[in-house]
Amino acid sequence: SAQTPNYPARVVIAVAVWAVFACGAFVAAAMNGWLGPDAGVGTGFCEAARDCWMAQPANTVSNLGFVLAGLAIAWHAARPARESERARGEGMPRGLAAAYAGLVVTLGPGSAAMHATQSHLGGHIDLTSMFLVSAFAATYAAVRLLGRRDARTVTRIFLAVLLAQEVAYFRGGEIPLLMHTGNAAFAVTLAAALAMETVLAGRAGAGEPLLDRRWLLAAGGLIALAFAIWTQAKTGSRWCHPHSLVQGHAIWHLLCAGSAYALYRAYAAA
């Protein structure tokens with residue numbers, strides 16, 4: 001009926017509702033201490049803790065970039081022009097695009113949970129939200145490489161990759177440069193996704209459409225720049241100014257959000 005939103009509109013509405021719920025749940029949890037006491041988790045990212053419910057304001061608020069990126073992905077996926085592309089077998093299926101948009105949105109309150117509370121549980125939520133996105137990137141490349149895009153295969157590979165990252169995080173420990181094995185698992189998973197995309201690029205023109213290279217380069221360039229800043233924006237580094245509202249780690253969040261959006265635009269073209 002005229003009163004029933006069409007499918008594209010429901011994609012945007014669903015992602016928007018999830019964004020409001022996830023952000024609202026984060027604020028309520030942080031303000032009421034539901035994530036546990038301040039344990040100093042995340043203090044290695046320079047910003048000095050304030051005496052309020054949002055311990056690291058710059059590193060917390062900058063996570064809104066992920067929420068906006070996820071909403072932008074949902075909006076693009078729902079455009080009428082995407083219908084003709086999908087009819088020709090081009091671009092990411094709308095269901096997967098909506099799922100990816102929701103995962104990118106989740107990165108916002110997920111990361112903010114650690115920076116606002118500095119609690120152990122907040123730290124776990126932060127890493128898991130990162131693992132969700134890296135697992136998606138690896139899964140989407142893997143199912144296209146295998147030529148099996150059915151829901152069962154997608155779900156199984158996604159859960160396996162997610163679990164592998166969680167095991168590396170909880171059973172590992174501190175390591176040089178990347179700080180701990182959780183960050184290493186995230187980096188390795190993204191590197192594996194990139195390697196598979198490189199193989200897929202070699203198949204372009206032989207039944208496998210090519211990702212938009214401009215957007216793919218943008219995604220890679222942004223995450224590389226973000227990582228370079230991340231390595232230098234730690235407590236004790238020359239770039240560290242604990243009481244400034246301009247934080248290198250906050251810039252890392254914004255650049256990663258841009259990279260997540262650019263990656264979707266690369267997906268949407270193939």
Side-chain angles (χ1 to χ4, degrees), residues 21-67 103-135 162-190 226-227 229-257:
F21 172 79
C23 291
F26 150 68
V27 172
M31 293 187 70
N32 290 285
W34 297 341
L35 299 180
D38 187 332
V41 178
T43 55
F45 296 118
C46 180
E47 188 171 13
R50 272 63 167 185
D51 186 19
C52 66
W53 71 271
M54 193 186 300
Q56 299 178 11
N59 289 344
T60 300
V61 174
S62 57
N63 283 294
L64 283 174
F66 292 113
V67 178
L103 294 180
V104 173
V105 164
T106 303
L107 254 176
S111 175
M114 179 184 75
H115 292 292
T117 69
Q118 299 188 151
S119 65
H120 286 301
L121 180 55
H124 298 332
I125 293 172
D126 172 35
L127 262 295
T128 295
S129 68
M130 292 168 58
F131 294 159
L132 289 171
V133 174
S134 55
L162 178 61
L163 178 61
Q165 292 178 99
E166 293 285 5
V167 169
Y169 169 43
F170 283 105
R171 293 184 65 86
E174 295 184 3
I175 58 175
L177 184 62
L178 294 178
M179 302 176 75
H180 57 75
T181 52
N183 289 332
F186 174 72
V188 168
T189 303
L190 287 182
F227 177 70
I229 292 174
W230 182 88
T231 62
Q232 299 300 314
K234 298 178 182 178
T235 302
S237 73
R238 61 180 180 177
W239 287 14
C240 178
H241 301 284
H243 297 283
S244 173
L245 287 178
V246 178
Q247 291 292 324
H249 196 74
I251 296 172
W252 146 267
H253 288 154
L254 296 174
L255 290 173
C256 285

Exercise for the section: Could you give me the CA-CA distance, side-chain angles and deciding distance for Asn59 and Phe45, then say whether side chain to side chain contact (heavy atoms under 4.5 Å, CB included) is met? Expected result: CA-CA 9 Å; Asn59 289 344; Phe45 296 118; 4.2 Å; yes

Closest non-hydrogen atom pair between [X] and [Y], with its separation:
| X | Y | result |
| --- | --- | --- |
| Leu178 | Ala184 | CD1-CA, 3.7 Å |
| Trp34 | Ala28 | CZ3-CB, 3.7 Å |
| Cys256 | Ala226 | SG-CB, 4.0 Å |

Practice task
Take atom CZ of Phe170 as the centre, draw a 6.0 Å sphere, and report whether it contains more than 12 heavy atoms from other residues, nucleotides or ligands.
Solution key: yes

Problem - His120, NE2 atom: more than 12 neighbouring heavy atoms under 6.0 Å - result: no

Is a side-chain donor-acceptor pair under 3.5 Å present for [Y] with [X]?
| X | Y | value |
| --- | --- | --- |
| Gln118 | Thr43 | no |
| His115 | Thr60 | no |
| Gln165 | Thr189 | yes |

Practice task
Could you check whether the rings of His124 and Tyr169 sit parallel, tilted or perpendicular, using 30° and 60° as the cut-offs?
Solution key: perpendicular

Exercise for the section: Anything under 30° is parallel, anything over 60° is perpendicular, the rest tilted; go ahead and classify Phe227 against Trp230. Expected result: parallel

Given 3.5 Å as the limit, does a donor-acceptor pair link the side chain of [X] with the main chain of [Y], or not?
| X | Y | answer |
| --- | --- | --- |
| Thr128 | Ile125 | no |
| Ser111 | Gly108 | no |
| Arg50 | His243 | yes |

Is the closest side-chain heavy-atom distance between [X] and [Y] below 4.5 Å?
| X | Y | result |
| --- | --- | --- |
| Asp38 | Thr117 | no |
| Pro109 | Val67 | yes |
| Ser62 | Trp252 | no |
| Val41 | Ser119 | no |
| Leu162 | Leu132 | yes |

Exercise for the section: Any chance you could lay out the side chain to side chain contact (heavy atoms under 4.5 Å, CB included) test for Asn183 and Leu127, step after step, and finish with the verdict? Expected result: CA-CA 8 Å; Asn183 289 332; Leu127 262 295; 3.9 Å; yes

Exercise for the section: Just do the side chain to side chain contact (heavy atoms under 4.5 Å, CB included) check on Gln247 and Cys46 with the steps written out, would you? Expected result: CA-CA 8 Å; Gln247 291 292 324; Cys46 180; 3.4 Å; yes

Practice task
Begin with the C-alpha distance, continue with both residues' side-chain angles, and end with the deciding distance and a verdict on side chain to side chain contact (heavy atoms under 4.5 Å, CB included) for Thr181 and Ile175.
Solution key: CA-CA 7 Å; Thr181 52; Ile175 58 175; 4.0 Å; yes

